[in-house]
Number of protein chains: 2
Amino acid sequence: MAKHHILDTLTDALRDDVLEGLQVLRFPAGQVLFSAGEHCRGLPLVLSGSIKVQMTGVSGHSIVLYRMGADDICTLSIGCLMTGRGYRAEAISEGEAEAAIIPRGLFDRLMDQSAGFRLGIMESYGRRLDDLMLLVEEVAFHRMDERLEEWLQDRASSGQNVVLITHQELAVELGTAREVVSRLLKELERRGQVRLARGRVELTGLLRTTSLA
Amino acid sequence: MAKHHILDTLTDALRDDVLEGLQVLRFPAGQVLFSAGEHCRGLPLVLSGSIKVQMTGVSGHSIVLYRMGADDICTLSIGCLMTGRGYRAEAISEGEAEAAIIPRGLFDRLMDQSAGFRLGIMESYGRRLDDLMLLVEEVAFHRMDERLEEWLQDRASSGQNVVLITHQELAVELGTAREVVSRLLKELERRGQVRLARGRVELTGLLRTTSLA
DNA sequence: CGGGTTCAGTGATAAAGTCACACAGACCAG
DNA sequence: CTGGTCTGTGTGACTTTATCACTGAACCCG
């Protein structure tokens, strides 16, 4: 049963139509939902799990642009639907994930008939734009050691103090080279802030405080 | 008289309403249209001129995110309208510019009643998202000397081979430090590819070819 | 013309990216 | 359980970029 925040705003009649036209997909961990150049078949609504969106530049390097979680909308797909161009990035599920696909025609109808749906789409777009602007600033001006520590802190705070990830994957998260990550992690280990193992980073020391509020 | 691509798709009745509700503003060169933290009073449609959008990070450094030209829509404002949050970036006119402001209520009505208007908004959003994704890739992975040369080439190709800009402004365009720009430009001058003067860069050599197509 | 302001150049040093390669742990086949 | 293979990690040497501190040149204006 598809449950998504944006469907709550619909009238009962519309929602019934949607629930019929909807196709719910289930993805195992690491599944590629779409990749660069592919064309869009509908608007995915993320129902559960986490999906990372990353792009690979002409340079051959990759960087994670943002993540989508439950109740998110794949903003990127809207652009592809409207302009007919292929995706510029790729999306990969992390852990199990579910998404409902709204086909093109239904999407148009919802945009036409539901102000709430439109609002949801617009908000999603706005948030994504904000995310990317912050990312540009971060990549352009922040020190790599700080970005690494913040990333680990954010990731670890939800649950254990252990993050299962390779240095290469961390490099893609931050948009840098694997060697840089290895060296910075080693330095953190020397300072006693993390413990390292193959494919694993355990946070020990408190690192820096994430929020002062 | 306000003339904007997105108004062409409207029915005559709607367009008449719009032309009444519209407020056309004229900006001299260097005028700040809005700055970070400010709230949005309506959706600007750019009628003529060029407007650059840049943000200043917590680090205190600035970077130009993109430019808007004739027939563009200020996508950033939509997000601010919808969520009520303040702008995260600032917009500055380059040369004379004109914009028409669609007030909030009229915007909602257009979204509700015109599929063409919606399409225009969505396309604009999609393009902006694409721009920012490319910018992230560029900032993260491209060499500064190449980015500088490309920027100069792009800017100069439209018209003269002279660009009137200070090193500091160039640094903001590229999201780097002024000293870096100075050094790279000096190196280009040594190689005979540019001639430098205060606030002025003249392209001489052919630099690298921008398009191989 | 003098004096302040903006712009540009440069050395020293630190941070980050690149290239090349060594080695360690995990895994599999025989 | 052994040897080979793959993936992940560590590190030196070097280049590019960022930062800090300061100098001097060009411009503006009274």
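Sequence lines set the chain letters: A, B, ... in the order given, protein chains first and strands last, and positions in each chain run from 1.
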Measure from the side chain of [X], starting at C-beta and using heavy atoms only, and say which of [options] lies closest.
| X | options | answer |
| --- | --- | --- |
| B:Ser182 | C:dA16, C:dG9, D:dA18 | C:dG9 |
| A:Thr166 | D:dA21, D:dT11, D:dG8 | D:dG8 |
| B:Val180 | D:dT11, D:dG8, D:dA18 | D:dA18 |
| B:Arg198 | C:dC7, C:dA20, C:dA16 | C:dC7 |

Determine: side-chain N/O of [X] to OP1/OP2 of [N], distance under 4.0 Å, yes or no.
| X | N | answer |
| --- | --- | --- |
| B:Arg143 | D:dT16 | yes |
| A:Thr176 | C:dG17 | yes |
| B:His167 | C:dT6 | no |

Whole angstroms only, please: what is the [atom1]-[atom2] distance between [X] and [N]?
| X | N | atom1 | atom2 | result |
| --- | --- | --- | --- | --- |
| A:Arg200 | D:dT9 | CZ | P | 12 Å |
| A:Leu184 | C:dT18 | CG | P | 14 Å |
| B:Lys186 | D:dT16 | NZ | C1' | 20 Å |
| A:Glu187 | C:dA16 | CD | P | 12 Å |
| B:Glu179 | C:dT6 | CD | P | 17 Å |
| B:Leu170 | C:dG9 | CG | C1' | 16 Å |
| A:Met144 | C:dG17 | CE | C1' | 9 Å |
| A:Glu146 | C:dA14 | CD | C1' | 14 Å |

Surrounding CZ of A:Arg147 (heavy atoms of other residues, nucleotides or ligands, distance under 6.0 Å), is the total greater than 12?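 Yes - once you tally the heavy atoms of other residues, nucleotides and ligands closer than 6.0 Å, there are more than 12.
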Closest to the 5' end of DNA chain D, once A:Phe141 and A:Glu189 are matched to their nearest nucleotides, is A:Glu189
Establish whether the base of C:dG11 is bridged to the side chain of B:Arg183 by a donor-acceptor pair shorter than 3.5 Å.
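Answer yes: a donor N or O sits under 3.5 Å from an acceptor.
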ask   = Is B:Arg178 side chain donor-acceptor paired with the C:dG9 base, going by distance under 3.5 Å alone?
value = yes
Answer yes or no: is there an ion pair linking [X] with [Y], defined by an N-O contact shorter than 4.0 Å?
| X | Y | answer |
| --- | --- | --- |
| A:Arg127 | A:Glu123 | no |
| A:Asp71 | A:Lys3 | no |
| A:Glu173 | A:Arg155 | no |

Using 30° and 60° as the class limits, which term best fits the ring planes of B:Phe107 and B:Phe117: parallel, tilted or perpendicular?
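Correct class here is perpendicular.
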Q.
What contact category does A:His61 fall into here, base, sugar-phosphate, or nothing, at under 4.0 angstrom with non-hydrogen atoms?
A. sugar-phosphate
